[in-house]
Amino acid sequence: MRVLAIIPAYNEQESLLDTVKMVTSECPDIDYLVVDDGSSDGTAQVMRSSRLHGVSLPVNTGLTSGIRTGMKYAYRNGYDAAVQIDADGQHLPRYIAPMAQALEREGADIVIASRYLDGTVKPEGARGVGSRLISGLIRQTTGTTITDPTSGMRMYNRRMIELFAKGFDVAPEPDTVALVARKGGKVVEVPCTMRERQGGESYLKLGNAIKYMARTCTSILLFQWLR
């Protein structure tokens, strides 16, 4: 399998280079593409000075556009799978191989690296409540159990790459996972651990996290049935 690691980056000058080095050292057989989403810090300069493989978007367009840029590249260059690796260093590349194996072995459309699959770690705090709520909604609407629906480390097969590359209403979010499962696609999880972000600031502070959870739950309950 030819796998592309898509590394979306917005204001990640502190951790981007270390993240790319981690990917290339632990997974030398896969390719990567950094997508600088119109960063206002030194992310683009880090890419240029370190000769990282990637593209800088002229303005900030959001995670969905960044991932779609990577998916278009993957589709046009014939990759069999694409995996999202956050530039903040939370995601560990050691799990890419087990994800690829699960994708191929189980004929999955999406493989999610789950922090909660083995039960040793439980979702906590406001985000944990939201994660459990989203899991419950996905289970009720699709019959599929997803233990870590908000995990950003997801691998997609060739069919999903094409869907992201050509579609206009899909996003790297839990509602897309729910939609794929409801349409008969196969979504599986593999256990993983994640680190704290290694630099920069998270977008999902309390206020934004609440809005994100509300928007996602509404989409799973209502909007996906119109698609």
Side-chain angles (χ1 to χ4, degrees), residues 1-8 23 26-27 29-32 63-64 67-68 70-71 74-75 79-86 90-123 127-128 130-165 167 169-195 213 216-217 219-221 224-225 227:
M1 281 176 55
R2 294 184 64 222
V3 179
L4 176 71
I6 301 172
I7 307 176
V23 170
E26 295 190 22
C27 304
D29 295 330
I30 75 168
D31 298 328
Y32 75 89
L63 177 62
T64 296
I67 292 297
R68 187 171 292 143
M71 291 294 197
Y75 178 69
Y79 285 92
D80 301 303
V83 59
Q84 178 184 337
I85 299 290
D86 286 356
Q90 291 188 76
H91 299 159
L92 301 176
R94 72 183 68 147
Y95 297 109
I96 293 177
M99 294 173 77
Q101 292 164 6
L103 192 80
E104 195 168 29
R105 181 180 64 248
E106 303 197 33
D109 294 285
I110 302 175
V111 177
I112 300 172
S114 171
R115 293 160 286 188
Y116 313 126
L117 185 61
D118 61 10
T120 58
V121 177
K122 301 292 185 183
R127 292 190 192 182
S131 179
R132 288 192 292 271
L133 177 58
I134 293 172
S135 291
L137 291 176
I138 292 176
R139 185 167 56 253
Q140 290 297 318
T141 57
T142 71
T144 300
T145 298
I146 305 295
T147 64
D148 195 355
T150 62
S151 168
M153 190 174 185
R154 303 185 187 99
M155 181 175 286
Y156 303 91
N157 69 1
R158 175 72 177 172
R159 186 166 74 93
M160 291 299 300
I161 290 174
E162 182 175 4
L163 180 64
F164 272 90
D169 61 346
V170 289
E173 301 292 356
D175 55 343
T176 294
V177 173
L179 178 64
V180 170
R182 187 173 65 82
K183 293 287 188 178
K186 189 167 186 179
V187 182
V188 301
E189 293 181 293
V190 298
C192 79
T193 58
M194 292 185 187
R195 304 189 299 181
M213 296 299 179
T216 299
C217 292
S219 179
I220 292 172
L221 282 174
Q224 71 162 302
W225 297 95
R227 298 162 67 184

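If you're wondering where the values come from, they're calculated on a predicted model, not measured in any experiment.
Remark: Thr147 pairs with Ser114, Glu189 by the side chain to side chain donor-acceptor pair (under 3.5 Å) rule, at least two apart or across chains. For Tyr116, there are no side chain to side chain donor-acceptor pair (under 3.5 Å) partners, not counting sequence neighbours. Scanning for side chain to side chain donor-acceptor pair (under 3.5 Å) contacts around Thr193 gives Tyr95, with sequence neighbours left out. Partners of Asp118 under the side chain to side chain donor-acceptor pair (under 3.5 Å) rule, at least two apart in sequence or in another chain, are Thr120.
Between the CZ atom of Arg182 and the OG1 atom of Thr142 there is a distance of 9.5 Å, given to the nearest 0.5 Å. Between Arg158 atom CZ and Tyr75 atom OH the span is 6.0 Å, to the nearest 0.5 Å. A distance of 10.0 Å separates CZ in Arg154 from CE in Met160, rounded to the nearest 0.5 Å. Atom CG of Leu117 and atom CG of Asp148 lie 9.0 Å apart (nearest 0.5 Å). How far CD1 of Ile30 is from CD1 of Ile96: 4.0 Å, rounded to the nearest 0.5 Å. To the nearest 0.5 Å, the span separating OG1 on Thr141 from CG on Leu179 amounts to 10.0 Å.
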Result block: side-chain N/O donor-acceptor pairs under 3.5 angstrom for residues 100-112, not counting sequence neighbours:
unit_1: Asp109; atom_1: OD1; unit_2: Asn157; atom_2: ND2; d: 3.1
unit_1: Asp109; atom_1: OD1; unit_2: Arg159; atom_2: NE; d: 3.1
unit_1: Asp109; atom_1: OD1; unit_2: Arg159; atom_2: NH2; d: 2.8
unit_1: Asp109; atom_1: OD2; unit_2: Arg159; atom_2: NH2; d: 3.2
unit_1: Asp109; atom_1: OD2; unit_2: Lys186; atom_2: N; d: 2.8

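Residues Val3 and Val83 come closest through the heavy atom pair CG1-CG1, 4.1 Å. What you find for Gly152 and Gln84 is that their closest heavy atoms are O-CD, 3.3 Å. The shortest non-hydrogen separation linking Arg68 to Gly167 is NE-O, 3.6 Å. Here the closest heavy-atom approach between residue Thr216 and residue Asp175 is recorded as CG2-N, 4.3 Å. Among all heavy-atom pairs drawn from Ile161 and Ala74, the shortest one is CG2-CB, 3.9 Å. In plain terms, the two heavy atoms of Ala82 and Ile6 that are nearest each other are CB-CD1, 4.0 Å.
Looking only at distances, no side-chain donor or acceptor of Arg94 sits under 3.5 Å from a matching main-chain atom of Cys192. Between the side chain of Asp80 and the backbone N or O of Arg2 there is at least one donor-acceptor pair closer than 3.5 Å. A donor-acceptor contact shorter than 3.5 Å links the side chain of Ser135 to the backbone of Ser131. Side-chain N or O atoms of His91 include none that pairs as donor or acceptor with a backbone N or O of Ile85 at under 3.5 Å.
Residue pairs that meet the ring pair (Phe, Tyr, Trp, His ring centres under 6.0 Å) test with at least one member in residues 132-165, sequence neighbours left out, are Tyr156-Phe164.
With contacts defined as side-chain heavy-atom distances shorter than 4.5 Å, the pair Pro172/Leu63 qualifies. Side-chain contact between Thr150 and Arg115 is present, with at least one heavy-atom pair separated by less than 4.5 Å. In this structure, Ser151 and Met194 have side chains that are in contact, with non-hydrogen atoms separated by less than 4.5 Å.
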